[in-house]
Amino acid sequence: MQNYLHRASFYALILFLSMVHAPLNAALNIEIYGGGATRIPIAIVPFSAESRLPQSVTTIVTADLGRTGLFKLVDSLGHTPHEPEEIVYADWQNRGASALVIGNTAMLPDGRIEVRFRLMDVARQVQLTGFTSTVSADQLRAVAHRIADIIYEALTGDMGVFSTRIAYVLKQGNKYALQVADSDGHNAQSVIEYTEPIISPAWSPDGSKLAYVSFENKKPVVYVQELLTRNRKAVANFKGSNSAPAWSPDGSKLAVVLTMQGGSQIFLINADGSGVQRLTQSSGIDTEPSFSPDGRSIIFTSDRGGSPQIYRVAITGNQAGTAERLTFEGSYNVSPRFSPDGKSFAYIHRHGGKFNVAVQDFARRQVQILTDSKFDESPSFAPNGKMILYATEIGGRGILSAVSSDGQTKQRLTSQAGDIREPVWGPLLKSQRTSKFIN
Amino acid sequence: MKKILSVLIICLLSACASKTTQPTSESEDRTMGGGGMGAGAQEGMRAGGGGGGGGFGMDPLRDPSNILSQRSIYFDFDNYTIKNEYRDLVLAHARYLRDNSNSKVLIQGNTDERGSREYNLALGQRRADSVKNAMLLSGARDHQIESVSLGEEKPRAAGRDESSWAENRRADILYQGEY
């Protein structure tokens, strides 16, 4: 099934990319490989007056779109239209572009920056979409991601996720940092730093909080921390171990794994830590819960059948129904995560000594193994379901990677130093946008 | 009677520890099935050691000549049963807790690094629980013992070879004030 010749050229490309991509700072660098056969040819003309800005907007937009593997970037050298009337469509048709991005930037007297952009259909010679937004200099990256989202949505019909954030744990020496970064790896900030391990970060559905497991008290305890205020609270600190937090879709509850009644079992608690109720009843290990998008069921890892496999239970109120086994291939299937549309789940499947990201759909139970590396862990879907973020290992240290949910495109996010683990993609936020569409 | 029962239980537990797997890049995953118990119940009926020994005036928990100074119980790959060689150690600590009702311990279970972090956390818990249960059967009380897991997060040996992994398949007994 796998084309090994293709694989070989693929790794040659990685090697090449890793040689030309020497990271200059601690920010994550993203490398892309693979890519679908039919890519949308798009030309992005540098916006006017960008050289005066602290950060080029079009560079970020270009990188965002390039990472998806869905676009073919058409050279725009020599042509610099910034307004629709300046466009000579025949030139762009000759270059093979079917979409064209143009725009302006202007520094305002109060120091803010006005950004305008338009997406043009080259064949039909009409504007598809566009907007104008006035922002402070430190919001330029955010505006660029927003523009990339709008272009992606207009051309693919799917939601863009460039404005979302990711969280992961960075281990450097004996220090552990829970970090939050933009989806492109920039703007990484530590939420909390410790000399004790942190695992299992989980975004609240509104993106304002992270639940995670910290070992600072010589045992695993589940905390919930607000990102804005940095206030945090131990929400599960019962006798024994407390771990594997998963938010319910409405953000009101957490599924957690507690050992206080013997064994590792799944419980439901309110998001403030109150109201503990046991959800699963087995004599084996039940762990790694993940809620369905409608909140009516959870999938989890259990060894009740003799080896770790993935199961699903319906939840009515706070009661769980009978568990149904979902995975049957292999003796080690762990770390399940629901897809955003609830139709499939990603997980880690061990085969031939390798641990890889796999996806199984509920309707047909078809399994697709998406990666080919040795040690992959912690898969999580992008909010549009198109990519899966996971951690893999290269040269003895963990790095972030993402694979498209069809397995076609892979991207690798690396950082200069440290060992990255436990990545999780944050939710899509309906943020307040200070932009308006232009015609 | 109670004592004999506890020794029996430990022997029963240890009977399952006979598997000698040579792991490669396998993870610690397969669980102990219900089968296999009881096969070794007749062997090793004698519980040796105890918490009594040690030099005068020295804290028995720290006296190197006292078994109570030994705090680590090692496990086979993919296994959480207490091996015969650790029965005396576990019994000694159980008796110490029985005789010192104000003493408390934290038992931390650990695993090697291969596999899912959360699943390994649950496997480490099993190791800690198995030490706790053996102690409860030998006279320690529930409120004296907390069993927790560190999973693969706090490896004592950093290597990526069988000897490091074996070192990390372990449960540690820590007395109050030591953690």
Side-chain angles (χ1 to χ4, degrees), chain A residues 169 171 176 196-200 213 215 217-221 238-245 257-260 262-265 283-289 300-309 330-336 347-348 350 352-355 374-375 377-378 391 396 421-422, chain B residues 23-36 78 80 104-111 113-130 132-133 136 142-155 158-161 172 174-179:
Chain A
V169 175
K171 180 174 188 257
Y176 298 81
E196 295 292 338
I198 299 165
I199 61 167
S200 306
V213 176
F215 290 76
N217 292 323
K218 308 301 171 195
K219 62 179 249 183
V221 172
F238 300 98
K239 188 174 182 183
S241 298
N242 310 264
S243 69
V257 172
L258 308 177
T259 67
M260 64 173 177
S264 297
Q265 293 285 297
S283 56
I285 289 170
D286 290 346
T287 187
E288 302 188 307
F300 60 100
T301 306
S302 177
D303 69 349
R304 59 185 68 188
S307 67
Q309 299 290 347
S331 61
Y332 194 88
N333 292 299
V334 295
S335 308
Y347 60 104
I348 296 294
R350 188 186 68 192
K354 293 196 297 190
F355 297 81
K374 190 140 196 218
F375 290 110
E377 60 178 35
S378 309
R421 63 272 291 277
E422 303 286 272
Chain B
T24 52
S25 71
E26 297 288 290
S27 48
E28 296 192 65
D29 55 357
R30 267 165 307 155
T31 53
M32 292 285 309
D78 191 17
Y80 58 95
K104 288 186 177 177
V105 291
L106 181 68
I107 302 169
Q108 294 175 326
N110 297 272
T111 66
E113 64 180 352
R114 296 162 296 171
S116 148
R117 292 176 185 279
E118 281 287 354
Y119 190 68
N120 279 343
L121 197 67
L123 291 176
Q125 183 71 35
R126 273 208 174 129
R127 288 183 176 149
D129 284 347
S130 127
K132 176 181 173 171
N133 291 336
L136 290 178
D142 187 67
H143 70 89
Q144 291 180 286
I145 307 173
E146 181 173 15
S147 55
V148 302
S149 180
L150 303 179
E152 63 174 275
E153 306 305 324
K154 300 279 282 180
R160 314 197 72 179
D161 44 59
D172 294 325
L174 288 81
Y175 280 81
Q176 204 164 36
E178 295 174 343
Y179 55 90

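Being a predicted model, the structure only gives us computed values, none of them experimental. Proteins come first, then strands; the chains are lettered A, B, ... in the order of their sequence lines, and each starts at number 1.
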Checklist entry - Can you name the residues that form a side-chain contact (heavy atoms from CB on, under 4.5 Å) with A:Gln309, not counting sequence neighbours? => result A:Ser307, A:Tyr311, A:Arg325, A:Thr327, A:Asn333
Checklist entry - Who among A:Lys239, A:Lys219, A:Lys171 has the most heavy-atom pairs with chain B under 4.5 Å? => result A:Lys239
Checklist entry - Side chain, backbone, both or neither: which part of A:Ile199 has a non-hydrogen atom closer than 4.5 Å to chain B? => result side chain
Checklist entry - Using non-hydrogen atoms only, which part of B:Gln125 is less than 4.5 Å away from chain A: side chain, backbone, both, or neither? => result side chain
Item to check | chain B contact via A:Ser243 - side chain, backbone, both or neither, heavy atoms under 4.5 Å | outcome: both
Next on the checklist: Run the side-chain contact (heavy atoms from CB on, under 4.5 Å) test on B:Lys132 and B:Asp142 for me, step by step, so that the C-alpha distance in whole Å, both residues' side-chain angles and the decisive distance to 0.1 Å come before the verdict.
Outcome noted: CA-CA 8 Å; B:Lys132 176 181 173 171; B:Asp142 187 67; 3.2 Å; yes
Next on the checklist: Please enumerate all residues that pass side-chain contact (heavy atoms from CB on, under 4.5 Å) together with A:Lys218, with sequence neighbours excluded.
Outcome noted: A:Glu196, B:Leu106, B:Gln108, B:Tyr179
Checklist entry - Hey, is B:Asp172 close enough to B:Lys154 for a salt bridge, meaning N to O under 4.0 Å? => result no
Checklist entry - Checking heavy atoms, do the side chain of A:Phe238, its backbone, both or neither come under 4.5 Å from chain B? => result backbone
Next on the checklist: Are the side chains of B:Tyr119 and A:Tyr332 in contact, using a 4.5 Å heavy-atom criterion?
Outcome noted: yes
Checklist outcome for this item: Whatever's closer than 4.5 Å to a heavy atom in chain A on B:Ser116 counts as both
Checklist entry - Considering only heavy atoms, which portion of B:Leu150 lies under 4.5 Å from any heavy atom of chain A: side chain, backbone, both, or neither? => result both
Item to check | B:Arg127 side chain to B:Asn110 backbone, donor-acceptor under 3.5 Å | outcome: yes
Checklist entry - So which of A:Asn242, A:Thr259, A:Val334, A:Asp286 has the largest heavy-atom pair count under 4.5 angstrom toward chain B? => result A:Thr259
Item to check | B:Glu113/B:Arg160 salt bridge by N-O under 4.0 Å criterion | outcome: yes
Item to check | chain B contact via A:Val213 - which portion, at a heavy-atom distance below 4.5 Å | outcome: side chain
Checklist entry - For A:Ser264, is it the side chain, the backbone, both or neither that has a heavy atom under 4.5 Å from a heavy atom of chain B? => result side chain
